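Since the structure comes first, as structure tokens, the remarks are kept for the end.
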Amino acid sequence: MNVAPRLSWFAFAVLVAVTCARFSPAQAGAFDSLFGARTGRMPSLEGGTGWVNAPPVTREALRGKVVLVDFWTYSCINCLRTLPYVKAWADKYKDAGLVVIGVHTPEFGFERDNANVRKAVHHLDIGFPVVADGERRIWKAFGTQAWPTMVLVDAKGQEHSRQVGEGAYEDTERTIQRLLREAGGTKVPEGLVAPQGLGTQAAPGRERARSGETYLGAAQSHGFRATAGRLTAGAAGPFTPARNLSVNEWTLEGAWSVEAERVCLRQGSGRIAHKFSARDLHLVLGPAMDGEAIAMRVLLDGKAPAGDRGFDVDAQGRGTADVHRLYQLVRRSTSAGEQLFEIEFAKPGVCAYAFTFG
């Protein structure tokens, strides 16, 4: 039964935001102040652990400018799918007075490393200033609750509005144009951008995925099943996989050690399996030791993915995990139906954090 028409418009907006945003675990239940206008002076950008693409930017340097502050983290699929729009706006309106500043606030431990943030900014071809918010001081100063969050600040330094989660791109861009004109801009570009993201930055499918974000670490995991082995922090396997998985269940095979936010293959070969229903499947993973490259192979219902391969593997399902990031492993033509995803590692030294879908 379709219950969406019975929801109030506000409740429906909250449902959309929850679907298209990634909430901080400590704030996942806090939905106040997600939408619309806010009042007050823009908080300081001080408190970061480093800057990329520019020296530190102060509030004083932003006087008279319209500012878009984008809270993101590089392993978040919702952030990555928003990025093509943020980059396009930064380029389109830079001469009209818009300043875009990325605030990279980490979710996982590896995202707190400034060197990893610099690599990610370079890999994603981001040209605007990015401040590493490794201690979440800027996140807290702005009262941010989820990734991504875009905050628009007018030329007087007052916060105008914020958008939480993916979507509302047309409204956001029209607000940018209006704020630039109100600031005295006479050559504000018209029209709307229409970027086409690739790989992990590609727009989600039109059909809503039945599978949702699945953490693999003990602190937040759900849907795990195994014939032998417990998913508790400090456990070290070995794991014997469950034979038959229902949709949104997953399992491990091999000598995996379990930590709060990840599982790591410590000895021999290993496998992760997940029964999912979505167009796209992504997995946050990387080598346990920097500089290593771990070969992986993806299977769908026991076969090579062929035309349903993701951006980061070939038609045979083969790829390499050489840095900690989000990998797109499956890109099907439809969200309909269920399939068994498997990822195999022939040798130890890989850590996996979370599945996301689209």
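Here the structure is a predicted model, which is why all the values come from computation and not from measurement.
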First locate atom [atom1] of [X], then atom [atom2] of [Y], and finally report the distance between them rounded to the nearest 0.5 Å.
X      : Y      : atom1 : atom2 : answer
Leu340 : His274 : CG    : NE2   : 10.0 Å
Met296 : Leu329 : CE    : CG    : 5.5 Å
Lys187 : Asp95  : NZ    : CG    : 10.0 Å
Asp312 : Gln328 : CG    : CD    : 7.0 Å
Phe224 : Leu245 : CZ    : CG    : 9.5 Å
Tyr327 : His282 : OH    : NE2   : 13.5 Å

Determine the minimum heavy-atom distance between [X] and [Y], stating which atoms define it.
X      : Y      : value
Leu216 : Val263 : O-CG1, 3.6 Å
Gln145 : Trp139 : C-CZ2, 3.8 Å
Arg230 : Val258 : O-CG2, 4.3 Å
Phe110 : Asn116 : O-ND2, 2.9 Å
Ser277 : Ser335 : OG-O, 3.5 Å
Trp51  : Pro129 : CZ3-CB, 4.1 Å

If you measure from the Lys or Arg side-chain nitrogens to the Asp or Glu carboxylate oxygens, is any gap between Glu207 and Arg279 under 4.0 Å? no

Side chains of [X] and [Y]: closer than 4.5 Å at any heavy-atom pair?
X      : Y      : result
Ile101 : Leu62  : yes
Phe108 : Ser75  : yes
Thr144 : Val103 : no
Phe142 : Asp133 : no
Val121 : Phe128 : no
Glu261 : Tyr215 : no
Thr175 : His160 : yes
His104 : Tyr74  : yes

Is [X] atom [atom1] crowded by more than 12 heavy atoms from other residues, nucleotides or ligands, each under 6.0 Å away?
X      : atom1 : answer
Glu338 : CD    : yes
Gln196 : CD    : no
Glu46  : CD    : no
Lys92  : NZ    : yes
His122 : NE2   : no

Does the side chain to side chain contact (heavy atoms under 4.5 Å, CB included) test come out yes or no for Val66 and Glu182, once each step is laid out? CA-CA 10 Å; Val66 174; Glu182 290 176 355; over 6 Å; no

Should Glu259 and Arg266 be marked as a salt bridge (Lys or Arg N to Asp or Glu O under 4.0 Å) after you check the CA-CA gap, both sets of side-chain angles, and the distance that decides it? CA-CA 12 Å; Glu259 301 174 21; Arg266 298 304 186 189; 3.1 Å; yes

Is it true that [Y] and [X] share a donor-acceptor pair across their side chains at a distance under 3.5 Å?
X     : Y      : answer
Thr73 : Glu107 : no
Tyr93 : Gln177 : yes
Tyr85 : Glu173 : no

Backbone of Thr105 reached by a side-chain donor or acceptor of Trp147 within 3.5 Å: yes

Heavy-atom donor-acceptor pair, Arg210 side chain to Ala336 backbone, under 3.5 Å: no

Do Glu344 and Leu299 pass the side chain to side chain contact (heavy atoms under 4.5 Å, CB included) test, and can you show the C-alpha distance, the side-chain angles, and the key distance before you say yes or no? CA-CA 8 Å; Glu344 301 174 341; Leu299 300 173; 3.6 Å; yes

Test log, rule side chain to side chain contact (heavy atoms under 4.5 Å, CB included), inputs Leu152 and Ile176: CA-CA 8 Å; Leu152 279 172; Ile176 291 171; 3.8 Å; yes

Given the rule that I, L, V, M, F, W and Y join up when any side-chain heavy atoms are under 4.5 Å apart, are Phe357 and Trp250 in one cluster? yes

Hphob cluster co-occupancy, Leu80 + Val323, side-chain heavy atoms under 4.5 angstrom: no

Quick check on the 6.0 Å ring-centre criterion: do Phe355 and Phe276 meet it? no

Report the residues that fulfil salt bridge (charged side-chain N to carboxylate O under 4.0 Å, His left out) with Asp308, sequence neighbours left out, ordered by chain and then residue number. none

Does any pair with a residue in residues 283-301 pass salt bridge (charged side-chain N to carboxylate O under 4.0 Å, His left out), and if so which ones, sequence neighbours excluded? none

